[in-house]
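Atoms within each ligand, like the ligands themselves, are counted from 1 in listed order.
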Amino acid sequence: MSTLVVVGVQWGDEGKGKVVDLLARQADIIVRFQGGSNAGHTLVVGGKKTIVRLIPSGVLHAGKVCVIGNGMVIDPATLVEEIDALQQQGCLADLDLLKISETAHLIMPYHKAIDLAREKRRGEAKIGTTGRGIGPCYEDKMARVGIRFVDLLDETLFEAKLARNVEEKNTYLRTMLDEPELDFRTIFDTYCQLRERLRACIGNTSRYLHDAIRSGKKVLFEGAQGTQLDVDHGTYPYVTSSNTVSGAVCAGAGIAPQHIHSVIGISKAYATRVGGGPFPTELFGAEGNQLRQAGGEFGTVTGRPRRCGWLDTVVVRTAARLNGVESLALTKIDVLSGLDTLRVCTGYRYQGQDYDEVPASAHMLEHLAPVYEELPGWTEPLTDIRSLDALPTNARRYVERIESLLDIPIKMISVGAGREETILIRPSFF
Ligand code: GDP
Ligand code: IMO
Ligand code: MG
């Protein structure tokens, strides 16, 4: 096996960054294939925290190649900031190690302005986006008016495309959203400067990955967001604007399906969600607060408090089927220490009928009743534990029960944010 896909199986923030950083040790190339700087992936190594938004989470390892795939939407200013910050801490000294797809789309200032203005107008019904212009950028891609890195490289073409887009977006901003217009020249000059910082990294990453896989290189594909945020399979319309499932690797990195060899799903030992939308096992008041405080559940991108709740195996089961998940990494189990009784959602009930997968209707999801199973808790802290046998009996029982409810082996248990704070049950992943 030479490729492995890592995907979040809940609503994002499952700890994908930590897991990818750990697995990157065994990989040669780490690739992001969808999303943009709506992602915030946290890596903690030697007590030092690094948050990456666009650059793959393998970047802390010397000599690994990081690829920004064509399925991503890139704000070049954020990317340059991220490169600068990483270089300041001694990473990515050789920019040859960063490859940016020439067909990835650029997030422009009007995308962010439209994202923010629309959210403001939606009021209570807002999606709760990260405000990074993700949705409007993917809209332009599908409408075939987006600007790609390859366009940025051709200054005359870029100028013409940008002029057309700024004129149209300014009309929309002024007349539909009651927002100020943006200045073409300022955007043009800024993006031309940013282009020079990134020029050497831009190229045909699809061909590069094809050749690398054919020559036996180990490639790790890093998902962003989570399956319940997938634009087709998530809790629409409270989703992001890309496909987050493993199948999106093919289109988003430009590789053929036979090159996807295995898929690992990342799940927290409980559940969180940031932004609006249905969340059947959400806990409110003191119980939700306890999980939020113990888990440090505040958004890495926006700082917003994350909504917290019990583990929902219906959500994970649905994601496992959609992604072809063969094994799981269970994260943040240490956060559950000290709770008397734990609850796990095993199914849904709605108008007398039982459901074992997430229904399509957001209305139904808002109103159904989760069916819970109770399990006894434990008091011991788990962060220093490195083997399954050393876990307190009830923690081990919790893990085993999740495995049997989902019928998927758990290969890794994360007991703290640090790279080493991990129980590796089956240490080989490729
Ligand atoms: P991602 O978006 O999936 O990469 O996840 P985030 O980085 O947004 O959020 C996960 C948060 O939990 C980060 O602050 C991590 O440092 C932290 N984290 C990851 N794994 C663990 C764990 O096992 N225990 C604890 N306590 N924190 C963890
Ligand atoms: P990582 O990769 C958690 C959520 C937003 C909002 C919805 C749409 O760190 O797990 P968008 O800005 O994408 O249009 O927002 O999706 N969202 C995330 N939630 N983790 C993420 O990424 C997210 N990226 C987007 O909060 O509800
Ligand atoms: Mg995150």
For H41, the ligand 1 atoms whose distance to one of its heavy atoms is below 4.0 Å: 1 (P), 2 (O), 4 (O), 7 (O)

Closest approach of any protein heavy atom to atom 26 (N) of ligand 1, naming residue and atom: D334 OD2, 2.8 Å

Between F188 and F158, ring centroids under 6.0 Å: yes

Shortest protein contact, atom 7 (C) of ligand 2 (heavy atom only): V239 O, 3.8 Å

Polar proximity ligand 1 side, G17 side, N/O cut 3.5 Å exclusive: yes

Beyond-backbone contact of S2 with F430, side-chain heavy atoms, under 4.5 angstrom: no

Spacing of CD belonging to Q34 relative to CD1 belonging to I134, to within rounding of 0.5 Å: 10.0 Å

Whether R306 lies under 4.0 Å from ligand 1, heavy atom: yes

G40 heavy atom under 4.0 Å from ligand 1: yes

Residue A39, metal the Mg ion (ligand 3), N/O/S under 2.8 Å: no

Nearest protein heavy atom with distance in Å, relative to atom 10 (C) of ligand 1: D13 O, 3.8 Å

Nearest non-hydrogen protein atom, atom 20 (N) of ligand 1: S414 OG, 3.6 Å

Y208 six-ring face occupied by K99 cation (under 6.0 Å, within 45°): yes

Criterion salt bridge (Lys or Arg N to Asp or Glu O under 4.0 Å) against E179, the qualifying member of K112, R118, K120: K120

Which residue and heavy atom of the protein sit nearest atom 7 (O) of ligand 1, plus the separation: T42 OG1, 2.6 Å

Y236, OH atom: more than 12 neighbouring heavy atoms under 6.0 Å: no

Within the 6.0 Å centroid threshold, strictly below: W11 and F279: yes

Flag for S242-T240: side-chain donor and acceptor within less than 3.5 Å: no

Mode of I51 contact toward ligand 1 - side chain, backbone, both, neither (heavy atoms, under 4.0 Å): neither

Donor-acceptor pair, side chain of N323 and main chain of V5, under 3.5 angstrom: no

Atoms in ligand 2 with a heavy atom of L229 nearer than 4.0 Å: 4 (C), 16 (O), 17 (N), 18 (C), 19 (N)

Ligand 2 contact by G128, heavy-atom criterion under 4.0 angstrom: yes

Min side-chain heavy-atom separation L198-L79 under 4.5 Å: yes

Pairwise distance CD(E373) to CG(L342) - rounded to 0.5 angstrom: 11.0 Å

Separation of Q10 CD from L229 CG (nearest 0.5 Å): 10.5 Å

Residues, nucleotides or ligands: over 12 heavy atoms within 6.0 Å of K217 NZ: no

Ligand 1 contacted by G8 (non-hydrogen, < 4.0 Å): no

Note, F221 side chain near I255 side chain (heavy atom, < 4.5 Å): yes

Any N or O of K18 closer than 3.5 Å to N or O of ligand 1: no

Element-labelled atoms of ligand 1 that are located less than 4.0 Å from some non-hydrogen atom of G15: 1 (P), 3 (O), 4 (O), 5 (O)

Minimum-distance protein heavy atom relative to atom 27 (N) of ligand 1: K332 CE, 3.4 Å

Nearest-contact summary for atom 20 (N) of ligand 2 - protein heavy atom, Å: D13 OD1, 3.1 Å

G226 near ligand 2 by a heavy-atom separation under 4.0 Å: no

Option from I30, I29, V20 for which side-chain contact (heavy atoms from CB on, under 4.5 Å) with P56 holds: I30

D115 heavy atom under 4.0 Å from ligand 2: no

Heavy-atom gap R132 to ligand 2 smaller than 4.0 Å: no

I333-ligand 1 polar pair, N/O distance under 3.5 Å: no

Sidechain N-carboxylate O distance under 4.0 Å for K126, E119: no

Residue among R386, R25, K18 satisfying salt bridge (Lys or Arg N to Asp or Glu O under 4.0 Å) with E420: R25

Where ligand 1 meets A417 - atom numbers and elements under 4.0 angstrom, heavy-atom basis: 16 (O), 18 (N), 21 (C), 22 (C), 24 (N), 25 (C), 27 (N), 28 (C)

Short N or O distance, K268 and ligand 1, threshold 3.5 Å exclusive: no

Whether K16 lies under 4.0 Å from ligand 2, heavy atom: yes

Any donor-acceptor N/O pair, D230 side chain to Q228 backbone, under 3.5 Å: no

Top protein contact for atom 12 (O) of ligand 2, by heavy-atom distance: T130 OG1, 2.6 Å

Identity and distance of the protein heavy atom lying nearest atom 15 (O) of ligand 2: T129 CA, 3.3 Å

Ligand 2 contact on W11 by region, counting heavy-atom pairs under 4.0 Å: backbone

G416: numbered ligand 1 atoms lying under 4.0 Å from its heavy atoms: 20 (N), 21 (C), 22 (C), 23 (O), 24 (N), 25 (C)

N or O contact, G40 vs ligand 2, cut-off under 3.5 Å: yes

Contact with ligand 2 for R304, non-hydrogen, under 4.0 angstrom: yes

Shortest heavy-atom approach to atom 19 (N) of ligand 2 - which of T42, V274, N38, T244: V274

